[in-house]
Amino acid sequence: MNYVSTRDKSIKVTAAKAIAQGISVEGGLFVPDEFPFLTEKDFENLKVLDYKGRAKYILKEFLNDFSEEEVDYCIEGAYTGSFDNEQPAPISLVGKNANILELWHGPTCAFKDLALQLLPYLLTTSTKKVNDGKKTVILVATSGDTGKAALEGFKDVPDTEILVFYPSDGVSPMQKLQMDSQAGENVHVCAIKGNFDDAQTGVKNIFTDNAVKAKLAENNMLFSSANSINWGRLAPQIVYYISAYCDLLERGEEIQDGFNIVVPTGNFGNILAAYYAKKMGVPVNKLICASNINNVLTDFINTGKYDRNRKFHTTISPSMDILISSNLERMLFELSGNNDKEVAELQASLSKNGAFTVSDSVKEKLQNLFWGGCCDDEATIATIGKYFSEFGYLCDTHTAVALNVYEQYIQNTGDDRPTVIASTASPYKFAKSVLSAVSEKQGDTEFNTVKLLSEETNTEIPAPIKALENAKVRFKEICEKDEMLSAVYSALSIN
């Protein structure tokens with residue numbers, strides 16, 4: 001297996017090179033040139049393993065230049081002692097067929113932990129193979145959860161520096177506090193005056209600027225990424241969908257006709273990982289893409305036109321407040337039959353005009369695989385209240401979007417087969433909104449709100465959230481979106 005660029009498939013690199021580099025030189029994203037396919041015997045083997053065993057079994061197929069000892073080292077380091085009850089991805093059955101895949105039992109209470117606890121191990125192992133002793137500078141744009149998970153994963157990792165940019169008014173108070181109080185000698189955090197798309201575009205522009213890369217090289221440094229544009233971030237996410245299928249098998253679930261997966265997504269990475277699990281042999285019937293009112297993906301699935309030229313909304317599900325879905329590029333590469341020229345043209349149109357329209361054949365494949373739906377903040381709040389009152393299940397604002405769209409899908413199609421619903425964050429990361437859905441009481445501070453939510457719902461405050469109450473704020477910098485490069489140079493002490 002080699003890795004090729006979505007915009008120039010003549011570029012072929014190893015897994016270590018793809019992970020260490022993060023993004024291809026011309027701006028394309030790395031994807032495997034072939035995917036492993038899991039047989040019925042593989043799934044029989046997988047279902048009796050614990051999560052670490054499943055991760056080793058699956059990821060060794062993608063890490064083509066890692067030894068078995070290196071794979072073991074990475075996965076044992078990432079998933080030992082980091083997650084509640086040593087179970088990174090447990091499932092809660094809610095109602096008849098809703099299997100809620102809880103991906104928030106790690107150190108930052110968000111699904112990004114499952115990849116970002118592992119990525120530092122993958123990256124440091126990769127850089128030893130390909131980077132000749134250079135310091136790795138990790139740039140991250142975040143809509144909330146990736147930033148904290150990356151900071152936590154990379155804090156004090158030798159020979160790395162990590163810089164996180166987040167929209168100053170586009171994350172929850174808890175997400176902001178998690179990032180601004182981050183410990184670690186090699187971590188840097190900066191808010192920007194703009195939205196997530198501005199942060200993501202700024203990071204990508206810095207990444208692909210040859211003058212900037214040369215400046216870093218002069219200082220014995222080079223860039224990599226902890227965003228899901230990095231294959232090392234995306235591959236670990238495939239594992240939890242395969243693991244969820246194994247859990248359904250082990251439970252004796254009737255899934256001869258396949259099952260559906262619902263994912264709340266803005267950047268398309270999490271649902272892309274579910275597609276890759278399907279490509280590898282998991283019997284997924286339909287991939288249901290759930291959006292908030294920033295419904296650019298819903299419109300794209302329904303019409304074949306991707307158009308970011310629309311009003312940007314700041315919502316109570318901020319991790320989905322995105323209009324430029326970077327991982328969609330990998331899906332376009334798949335749907336076009338690995339046509340790198342077509343992908344490059346579509347991305348050029350998006351960059352120049354803010355929109356593109358896919359061919360009829362791509363649109364047909366897209367709609368065969370995906371179903372798209374969206375809901376606004378009012379419906380999100382109502383869904384949180386409904387699932388708590390009817391099932392005693394408390395979810396966050398992003399999971400509520402997924403549950404709402406899941407119900408829309410059933411109403412529209414009548415398809416009520418077993419479904420896995422990705423739950424991407426603890427409700428305590430969005431305590432004010434969640435509390436308003438289940439109680440008339442209000443807290444006068446963020447942590448009073450957290451305590452009220454616990455009292456009103458008889459649920460436990462996660463330890464990482466509880467520990468933040470007395471956390472000291474370290475980072476207070478805010479910059480304009482066109483000042484991000486200056487912030488990078490300042491953090492790295494480069495003149």
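Computed over heavy atoms, backbone and side chain alike; hydrogens, waters and symmetry mates excluded. A quick note: this is a predicted structure, and the numbers were derived from the prediction, not measured.
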With rounding to the nearest 0.5 Å, note down the distance linking CD in Glu34 to CD in Glu61. 10.0 Å

Side chains of Gln237 and Tyr240 only: does a donor on one sit below 3.5 Å from an acceptor on the other? yes

Worked check of salt bridge (Lys or Arg N to Asp or Glu O under 4.0 Å) between Asp247 and Arg54: CA-CA 11 Å; Asp247 287 344; Arg54 291 170 182 174; 2.9 Å; yes

If we ignore angles and hydrogens, is there a donor and acceptor under 3.5 Å between the side chains of Thr108 and Gln178? no

Using every non-hydrogen atom in the two residues, find where Ile316 and Thr397 come nearest and quote the distance to one decimal. O-OG1, 2.8 Å

Under the salt bridge (Lys or Arg N to Asp or Glu O under 4.0 Å) rule, what do Arg330 and Glu334 come out as? Steps first, then yes or no, please. CA-CA 7 Å; Arg330 285 185 166 112; Glu334 282 281 319; over 6 Å; no

How many angstroms lie between atom CG of Leu177 and atom NZ of Lys148, to the nearest 0.5 angstrom? 8.5 Å

Return yes if a side-chain donor-acceptor contact under 3.5 Å exists between Asn267 and Ser325, otherwise no. no

Can you confirm whether Asn458 is buried at CG, in the sense that more than 12 heavy atoms of other residues, nucleotides or ligands lie under 6.0 Å from that atom? no

Within the 4.5 Å heavy-atom criterion, are Leu119 and Phe154 side-chain neighbours or not? yes

Any side-chain donor-acceptor pair under 3.5 Å between Tyr241 and Asn270? yes

Do Thr80 and Lys52 have side-chain atoms, one donor and one acceptor, less than 3.5 Å apart? yes

Could you tell me whether the side chains of Thr399 and Asp396 share a donor-acceptor contact shorter than 3.5 Å? yes

Please answer whether the main-chain N or O of Pro90 pairs with a side-chain N or O of Ser92 as donor and acceptor at a distance below 3.5 Å. no

Give a yes-or-no answer on whether the side chains of Thr459 and Tyr428 include a donor-acceptor pair shorter than 3.5 Å. yes

Of the non-hydrogen atoms in Leu369 and Lys286, which two are nearest, and what is the gap between them? O-CD, 3.3 Å

Here the gap from Leu49 atom CG to Lys47 atom NZ, rounded to the nearest 0.5 Å, amounts to 11.5 Å

Any cation-pi pair here, Lys60 with Tyr57, using under 6.0 Å and within 45°? yes

Looking at side-chain heavy atoms only, is the closest gap between Ile421 and Val94 below 4.5 Å? no

Report the C-alpha distance between Asp145 and Gln175 in whole Å, list the side-chain angles of each, state the deciding distance to 0.1 Å, and finish with yes or no for side chain to side chain donor-acceptor pair (under 3.5 Å). CA-CA 7 Å; Asp145 289 332; Gln175 289 173 315; 3.0 Å; yes

Please report the interatomic distance CG(Leu122) to CH2(Trp231), rounded to the nearest 0.5 Å. 12.0 Å

Answer yes or no: is there a side-chain heavy-atom contact under 4.5 Å between Leu114 and Pro236? no

Counting N and O atoms only, with roles assigned by atom type, does the side chain of Ser5 sit under 3.5 Å from a partner on the main chain of Phe30, one being a donor and the other an acceptor? no

Any donor-acceptor pair under 3.5 Å linking the side chain of Lys365 with the backbone of Leu335? yes

Ile75 and Leu59, any side-chain heavy atoms less than 4.5 Å apart: yes

Asn260 side chain to Asn285 side chain, donor-acceptor N/O pair below 3.5 angstrom: yes

Classify the ring geometry of Phe300 against Tyr306: parallel below 30°, tilted from 30° to 60°, perpendicular beyond 60°. perpendicular

If only atom types and distance count, is the side chain of Ser336 paired as donor or acceptor with the main-chain N or O of Phe333 below 3.5 Å? yes

For the backbone of Gln87 and the side chain of Asn85, can you confirm whether one donor and one acceptor N or O come within less than 3.5 Å of each other? no

Measuring from Leu287:CG to Asn368:CG, what's the distance to the nearest 0.5 Å? 11.5 Å

Results of salt bridge (charged side-chain N to carboxylate O under 4.0 Å, His left out) for Asp42 - residues two or more places apart only: none

So does Tyr79 get a backbone contact from the side chain of Ser82, meaning a donor-acceptor N/O pair under 3.5 Å? no

Do you see a donor-acceptor pair shorter than 3.5 Å between the side chains of Thr146 and Lys112? yes

Can you see which heavy atom on Ala422 is nearest to which on Pro264, and at what distance? O-CD, 3.3 Å

Judged by atom type as modelled, is there a donor-acceptor pair below 3.5 Å linking the side chain of Asp113 to the main-chain atoms of Ala149? no

Main-chain N/O of Ala226 paired to Arg233 side chain as donor or acceptor, under 3.5 Å: yes

No-hydrogen, no-angle side-chain donor-acceptor test under 3.5 Å, Ser225 and Asn230: no

Supply the atom-to-atom distance His398 NE2 to Ser426 OG, rounded to the nearest 0.5 angstrom. 12.0 Å

No-hydrogen, no-angle side-chain donor-acceptor test under 3.5 Å, Gln408 and Asn404: yes

Using only atom types and a distance under 3.5 Å, with no angle test, would you say the side chain of Ser351 pairs donor to acceptor with the backbone of Gln347? no

Which of these passes side chain to side chain donor-acceptor pair (under 3.5 Å) with Arg7: Glu329, Glu345, Glu26? Glu329

Measure from the side-chain N and O atoms of Ser439 to the backbone N and O of Leu435, and report whether any donor-acceptor pair falls under 3.5 Å. no

Side chains of Ile410 and Asp415 in contact at under 4.5 Å (non-hydrogen atoms): no

Under 3.5 Å side-chain donor-acceptor pair for Gln442 and Asn448: no

Under the side chain to side chain donor-acceptor pair (under 3.5 Å) rule, collect the residues that match up with Ser143, sequence neighbours excluded. none

List the atom of Cys374, the atom of Asn292, and the distance in Å for their closest heavy-atom pair. CB-O, 3.5 Å

Return yes if a side-chain donor-acceptor contact under 3.5 Å exists between Trp104 and Ser423, otherwise no. yes

Assess whether salt bridge (Lys or Arg N to Asp or Glu O under 4.0 Å) is satisfied between Glu407 and Lys386, documenting all intermediate values. CA-CA 12 Å; Glu407 292 183 351; Lys386 173 184 176 179; 2.8 Å; yes

Would Asp299 and Arg310 pass as an ion pair if we require N to O under 4.0 Å? yes

Regarding Ser24 and Tyr3, is there a side-chain donor-to-acceptor distance under 3.5 Å anywhere? no

Tyr166-Asp180 side chain donor-acceptor pair, cut-off 3.5 Å: yes

For a quick check under 3.5 Å, do Asn195 and Asp321 share a side-chain donor-acceptor pair by atom type? no

Under 3.5 Å, is there a donor on one side chain and an acceptor on the other for Tyr51 and Glu86? no

Above 12 or not: heavy atoms from other molecules or residues under 6.0 Å from CD of Glu440? no

